[in-house]
Amino acid sequence: MPQIFDRSSNALARMSLVLSGILVIALGVTLDQLQRSPWVTRQGQRADQPVPFSHKHHVQGLGLQCQYCHTTVEKSSYAGIPPTRTCMNCHAQIWTNAALLAPVRNSWATGQSIPWIKVHDLPDFVYFNHSIHVNKGIGCSTCHGRVDEMPLMYAQNTLQMEWCLDCHRNPAKNLRPTSQIYNMAWEKPSQDKPVWCSAVPGESGVPTADSVSCVTKDPATNAAAAAALAPPVLLMKAALTSGGAQGADPSYTKFTSQDALGHFLLAHYKIKTPQQITSCDTCHR
Amino acid sequence: MATSEVKQVDPGIDPATGEFRVIGQGQTFRSVTEKITRIVLTPHTPLGWFAYFGVGGAGVTVLMVALVWLFLKGVGIWAVTQPVAWGFAIINFVWWIGIGHAGTLISAILLLFKQGWRNSINRFAEAMTIFAVVCAGMFPLIHLGRPWVAYWVFPLPFTMNVWPQFRSPLMWDVFAVSTYATISVVFWYIGMVPDFGTMRDRAESKLAQYAYGMLSLGWRGSVRHWARYETASLLLAGLATPLVLSVHTVISFDFAVAALPGWHTTIFPPYFVAGAIYSGFAMVLTLAIPLRKYYGLEALVTERHIDNMGKVMLATGFIVGYGYGMEVFMAWYSADHWEAFMMWNRMFGPMGWSYWVLVTCNLFIPLTTLWSRKLRTSITYMFILSIIVNTGMWFERFVIVVTSLYRDYLPSSWGTYYATKWDYMTYIGTLGLFTFLFLLFVRFLPMIPMSEIRTMLPAAKIKPKAVTEAGD
Amino acid sequence: MPAREGTYGLLAEFDTPGDLIRAARQARQDGWRRLDCYTPYPVEEAAEAIGFHRNKVPLLTLIGAMIGGAAMFSLETWISVLAYPLNIGGRPTYSWPAFLVPAYEWTILWAGLSAAFGMLALNGLPALYHPLFNAPNFRNGATTDKFFLCLEALDPKFDLVETKSYLESFQPASVVEVEY
Amino acid sequence: MSKINPSAKSADNDAGNAVNNDNNNAQDARSGAGAPMTLDAVRAQLQGVKGKKFWRSLDELADSPEFRAEVEREFPSAAQEWLDPVSRRGFLRLMGASMALAGLAGCTKQPDETIYPYVKAPEDLILGKPMYFATAHPFPTGGVPLLMKSDEFRPIKVDGNPEHPYNRGGSDPYSQGTLLDLYDPDRSKKVTYRGEDREWMDFAQALREKVQESKDGTGIYFLSATITSPTLARQWQAVQAAYPKAKLVQYDPAIAGTYAEKGINTRYALSAADVIVSLDADFLSSASYPGFHGLVRDYANRRKDPAAGMNRLYAVESMTTTTGMKAEHRLKLRASEIPAFAAELAKAVGVAGVQPPAYAWTSEQQAFLAALAKDLKANAGKSAVLPGMYQDASVAELAQAINAALGNVGKTVFVSQETVNPLPSDQIADLKALVADLNAGKVDWLVILNANPIYTTPADLNFASAFNKANIVAHLGSHMDETGQIAHWHVPAAHYLESWSDVRAYDGTVSIVQPMIDPLYGGHTAHHVLQMLLNDPLVSPYDAVRATWQQVLAKNNKGDFELGWRKSLHDGWVEGTAFDTAAKANVPAEFHGSVPAPASQETLEIIYRPDPSIYDGRWSNVGWLQELPKPILNLSWDNAAIVSGYTLTKLGLKEDDIVELNVGGKRVQAPVVVAPGHPDNSVTVYLGYGREFAGRVGSGAGFNAYLIRTVNAPFYTAGSLRKLDGKWGVAITKSHYQDHRGARFGQQGSGDNSLEADEALGPRGIIRYATLEEFKVNPNFAHEGEGRETPESDTSLFPNWQYNEAAWGMSIDMNSCVGCNACIVSCYAENNIAVVGKQQVRIGRDMQWIRIDTYFEGDLAAPRAHFQPMNCQQCENAPCEQVCPVGATVHSSEGLNVMVYNRCIGTRYCSNNCPYKVRRFNFLLFSDYETESLKLMRNPDVTVRTRGVMEKCSYCVQRISAAKITADKENRPVRDGEIITACQQACPAEAIVFGDLNDKTSRAAKLRANQRTYQVIADVNTRPRTTYMAEVLNLNPELEATPAEHMPAKG
């Protein structure tokens, strides 16, 4: 009775054992990565839109405000996609023959909607509300990224549940003054870029935003100058808020870290506790 | 207890000890080996095997049909409804798991108790366990409303950041059943390694040599290996014993932890386990009796085995009976209206019949007859009885699941339950699957552990003389 | 392993376990260390005869058990208390009694696996190829009904001629030389 | 809530554009398919297809890429399980399921979704913020003032107008159901002439020319449903003036022959009534009784606080209704006995001139009569006697006389000169005349307006044959129904939510019916038709209605009509149009009419009533109402021959047997069902079933009772009954008392009791009640006795969870609940609940989140019923949550028991472990993801549940979240009453109160603190957030609790 197996078979056997082990682990890691990959989440992908609309051009170049198009962002759960009329407001006069804008003109002529591809597309069982976020100090760019630097729109973030939870578990790290909501260039406060905020005790019925006012230039030197130097959006907003906060002669505190600012705003915007905003019924119904 | 006239008539009795033989007379290492290996290594498969295999195959087909339709349409094709939201699926699940238990019990607990007679039957009892667990494990999956997201029960880092809920008995099931399946397979395989060695060395065809060679991992019977092997087996047995007890305990928690009258009771764990063993041994008999006849293994699976299994069933049967008794007693003694009504409803309600079927099959018939050794050693009777008990145990689960659910707290939501053809097809399907797998096992694997049989042969007895001699 | 050349050892075949044990014990007394017995079923006396008394399988099992149990229990606690604490029917987040069950199951799971695979590892299995299989009579008997004693060439006392005669002094059924 | 004053423009705004995908829940109506669901598209898709053809067109629809995109989204296309259990359209579901399995990939990758923004956005629209418009539901017995919730100009919820003086926010199943009626995909969509497509103008021309050449209108006949619109009446009068020979016949099967046809001018103010007597007046169980909403509200208000003095209700009735079951004292009489009894009563309270026919009253009946009369006299001026609508005319007159004799008129009873319906008429007589003229060949053109005479006319009129004798028949109807099928012309009618009109409510106030949406299928109204005959044919209904109220509104608003108009649109009613209560009408306290003598004890009486769910059949294609369990019977999807247990046994029947009803040679087959407390030798049948051409839902359900109805005795008559072989297979939504008559185990009584009730009222303490006397002695009765203990808050192995913010809770007053089912239908609409169909209901898979548990106490021959609305109890120690392996049901920080559909894997363990069995499981794909028109109807704030997912009452969590966000933005706490659940909103009795239990000043918290408040199955220590207030009955000491007319219902 001879040998059945060759000498090498022992080595082979052991090696195959090790390999299969490695294989299993590799598979696990791959799947784990896959579910977060842009292939699944569409993160950073530029959809093929009927009109190559450039936020960069309109926001950075022309300085349009977000709400000029997304009108209901402060009032409703939907920020709102502009009707064709909004486009035509300008494009009835300028670029009236641009080939790129043909779809817009057709829509205007025929009354058929422009079929945009949804870029930020949450699952159907998730109920997201824009208004509460912008009213409580979450800026556009926090979720949508530097839209003003996007020639073509894409999703900055995965919009997966873990991403939402990441903020809902600790809102402080993303809160900003409501006066800065639409400021695409907003940066978290730091030593060289501090933020000054003042708060008057807000009474019930008055939106919390009105009792807090923040500026990015030292108000001690010259509030007016601060205002003058501030970007237009901020200018308007700052005026509003300080107006709301009038009477109690705001004494400003200086914040040099997001953590400090975040917790200041957390308190004054009456943000709900993580336990409350990570409760399932916050987003699912 | 053996009487003189029994001695003359009964070849199964060892004249020296007056006890049943575990192994028939005149067996040698080689004869045993030949007998067992031939079954597998014979080039021509017996026709009967094909016949049964066909039956099993048909069952599997039925199962496939039922499952495809199930996945296309949803669990609504079953009879499950409000308020009876669990039906055949869970009944079959518990029933199959229960059957599984005997295998592990025989191979583990009897090993610890040094019950030599187990050796002839433990291999296919373990096989039975594994196939039963396969059938059982299928049900929790397919009874889900959305089986395609069943993987959510595993604690893995999904992007939802949501995790399983470990207070749920169903989560406990997940771990109990998966562990049980894994350990059983490992135990089974480890047990077979030396026999694979034998098969490798007995096999003529190159293919068989390769196959069994691989499976044997190159086993060569070094006594060092044997020593570690023995320790490992003993440890596995020692682990499998608490495991097998825990598994059905956990299954019983599915009910005992719930708030439902008829489920919410502390008696469940012990009597589920006992019931499991009860039905398990019944199933072993159902399989062993035809097998030993068909493959002429009377010498290896003797009447003594049948007889012992009968005794075990008698014992476990009484524990089960005690369980039923306690339910009734507590319903009265606790003076708790929910319990009392549940018990009354279980016995005399619209579905009372099922309770009496169970009592008849599980208590009246077995516990009155198993006393007699004559009946215990009557092969045909034991075969019939084993089937009766299996039926009874199925109805026990039916009673627990359905008759507790269909009339619970709010009378306004009382309902009823009529199984649909899809329910039956699924159940029959799993029976088919079981047969199918078991026949494959019989055909391709050694169904009796040779190495362990050898230790029981007279030749294995080391002459004391030899040993002392070596001393000087 | 590096492919060795030459003789692996001398293999004596016996018909009964008793003979094997006697021979093995004798050989051990005579100072043989590199020796091994091969039997178709566990013969504990033989193992003792060649001085193999205890093994490490139990230790491995214990370690496995502890790892398994601890891992599962801490996973459950982390999930329910830290990762995403939820109010489940008013139960406390740290519901340890419930957590015990899966932890218990994993204790057994990992203990069992480490026992089985530990045993195989310690036995150096899988070893599909082994010099002994070169011996003409080995595979015919070792897994069926014959009992072998092998004195290995690596033992300093080993000498092809002397050792052969030494083995024959035990009246074995046969003595053969095993090549690598 | 924000009410926005809708200009005609915004109301007419094309809902098509309003369908906008810019939202996060494509799973809802708005964008179920990725398809551009402009209404035009839908119209195009559905154009001219109906009935079976509809399916084919849907399959074509299904092949569109958008649809596939939808399927890929793991929503298998809908299995119309409720059409036929194994659907003929397996193919699509195969597709769907394969996609579902593809879901195995786990992290399902969403396909691209498309956004279809407006081209020109309407100014007043804020996407995602609903608008509310006031309108009214024109109902033959008076309009129901409504406040519609409109999402992007799609009406998605019907509710009572909370500010309207009449119904004060209450509504009813019918009004709630009209929403689904609006979106019914089976509505007719094309004008047809002899089956060929035509345009509206073709019809209008034809009619106009015909009428003009007839000069004086000879041979022109109009057959209309009861005219409720003053404007329509005005238009008719104009037509009449122009064409004096033209004839108008009004016919409503449930109105004709009742006092309502002569115009409802009597109103009852039950708030001032200490004693209420119902002479077969079922004023609590459905809107078919005039003034239902107001009557229920006033009745219930007098029962909310027993200490403050309760009213007492006596019911004398010919079938079991919730009115009788709520009554302190109930006397069951066969329909024909009731006029005589009324006469006896009248005599007893001193009505002059009344001659009661001689009749052998049983001792119980006499005792009842005596006690009743005595009690009435004792409460003269503080009582009210309500006549049954479906009784002999004498009953109404007698009731009037009794009220007069008791001096109730002017105090609790008000009679006005004007009537609710502008054109009262003798409908039966007119109908007979019409048939005569038809047969005489006098009819040239018969124009049918919103009526379905072929189906609804009594069989003995042979209307169908007469019908064919008309030269041309034109049919204006919402569906291609039995009449539309054979009429020459068919014109799709616009729904009342699609068109302008007006209507008077029970109290006389006029409401403008304003459209919520453009006609989905381009329908027209009776206004159009009549206007077409006038000199200015193109005046739109809008202008017509404005014209009608020009003067009134101008007068009310110092000449500023526009202001008045906008105000009445905004408020929902025209001010100063209510009937004058001050005017003292003189009602004589005497009666000289004749009273029909009761039929002999042995004759079998057959009673016809409009169905409590689908009325006269007009809503038989409304799935919600079809599936709605009828009060008392819990029967859905069928009508039945309803008998008493005694009659059942006497005739040797079992429930669900098929019987043949025979009235004067006309026969129908029907299933037999028992109603506890039904009079013996008497069979009640509901009208409205057995439709041939109702649509996919209604066709073929039940049997057609019109076939055995006679024109001269439309509401009860003598007949016979014969057993046939076989079972019908009725769907009854709860375990049935007849199957479970407690024969053993601790039941009280002789085996004639319902085991359920014995259990529920007995040791289980589910129903708890006391008499007023007992209550006065021991206000804490609800917490004493077996099964009534509530565990202390510290009886628990683990520490109690603290709820520091809001703690939502609900209180349900069982004393007020009249079991009218309005809450159930409201819940259907609010929560996108699926209709599952008869077969599924039969095996107990109905999906209603709230149900009305009915327990029949005592002898089933003469029981007292207890109605218990049962929805998720939101237990603090929820048994369901603890057993869910994936945490799909958990507690929110405010103690809501939240069900997360998208996490559910469907083990159904939670349902098993729920002591209240209030969880509902999608055993199959019940939700309809295909039918476009239904997508428009869905509530965008609630996920549509797919197959294999558990669901349950959520306390309308979507409303809670909305309110919380609003409050949070305004930096204030949520106000008490700011959140109203759908069931609470619909309840005409205000039996349901929702609020924050941590806010001790909230109504809910106060009610929870009330001593009558108890928790169901408290001893299991689930700690429900929903609690119930025990009933208190104001019994008349002279009568025993229930008139035990012992006719055992053995067998």
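To find a chain, count down the sequence lines: A is the first, B the second, and so on, and within it residues start at 1. Note that the structure is predicted; figures quoted are calculated from it, not measured.
When each of F99(C), F117(C), W106(C) is checked for heavy-atom pairs under 4.5 Å with chain B, W106(C) comes out on top. Considering only heavy-atom pairs separated by less than 4.5 Å from chain B, the leading option among P58(C), A83(C), S80(C), A142(C) is P58(C). Per-residue heavy-atom pair counts under 4.5 Å with chain B were compared for L122(C), L120(C), T61(C), L75(C), and the maximum is reached by L122(C). No other option in A115(C), G118(C), P102(C) has as many heavy-atom pairs under 4.5 Å with chain B as P102(C). Counting heavy-atom pairs closer than 4.5 Å to chain B, the top residue among G89(C), A111(C), P40(C) is P40(C). Of the listed residues (M199(B), R224(B), E230(B), M450(B)), the greatest number of heavy-atom pairs within a distance under 4.5 Å of chain C belongs to R224(B). The residue among I50(C), L132(C), T107(C) with the most heavy atom pairs within less than 4.5 Å of chain B is I50(C).
Only the side chain of F147(C) comes within less than 4.5 Å of a heavy atom in chain B; its backbone stays farther off. Residue V43(C) touches chain B through both its backbone and its side chain, counting heavy-atom pairs closer than 4.5 Å. When heavy atoms are compared at a cutoff of 4.5 Å, L128(C) approaches chain B by way of both its backbone and its side chain. Interface remark: S222(B) contributes backbone and side-chain atoms alike to the contact with chain C (heavy atom separation under 4.5 Å). Contacts between L239(B) and chain C at a heavy-atom distance below 4.5 Å involve backbone atoms as well as side-chain atoms. For a residue to count as touching a neighbouring chain, one of its non-hydrogen atoms must lie under 4.5 Å from one of that chain's; by this rule T144(C) touches chain B with backbone and side chain alike. With a 4.5 angstrom heavy-atom cutoff, N55(C) touches chain B only via side-chain atoms. Neither the backbone nor the side chain of F148(C) comes within less than 4.5 Å of any heavy atom of chain B. Of the two parts of L243(B), the backbone and the side chain both hold a non-hydrogen atom closer than 4.5 Å to a non-hydrogen atom of chain C. Neither the backbone nor the side chain of P169(B) comes within contact range of chain C, judged by heavy atoms closer than 4.5 Å.
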message = Between D19(C) and Q171(C), is the side-chain contact (heavy atoms from CB on, under 4.5 Å) condition met? List the steps.
response = CA-CA 9 Å; D19(C) 302 344; Q171(C) 300 98 27; over 6 Å; no
request  = Check step by step if side-chain contact (heavy atoms from CB on, under 4.5 Å) holds for L245(B) and H101(B).
outcome  = CA-CA 9 Å; L245(B) 295 182; H101(B) 279 49; over 6 Å; no
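Judged by distance alone, the side chains of D30(C) and Y166(C) do bring a donor and an acceptor atom under 3.5 Å apart. A donor-acceptor pair shorter than 3.5 Å can be found between the side chains of N137(C) and S174(C). Side-chain N/O atoms of R200(B) and S216(B) include a donor and acceptor closer than 3.5 Å.
Each of W226(B), F196(B), Y212(B) was checked for a ring pair (Phe, Tyr, Trp, His ring centres under 6.0 Å) with W219(B), and the lone residue meeting it is W226(B).
Interatomic distance, L151(C) CG to L167(C) CG, rounded to the nearest 0.5 Å: 4.5 Å. Distance check: Q165(B) CD to Y84(C) OH gives 13.5 Å after rounding to the nearest 0.5 Å.
Note on D155(C) versus R34(C): no salt bridge recorded, every NZ/NE/NH1/NH2 to OD/OE distance being 4.0 Å or above.
Heavy atoms of other residues, nucleotides or ligands lying less than 6.0 angstrom from CD of E44(C) number 12 at most. Heavy-atom contacts from other residues, nucleotides or ligands closer than 6.0 Å to CH2 of W96(C) number 12 or fewer.
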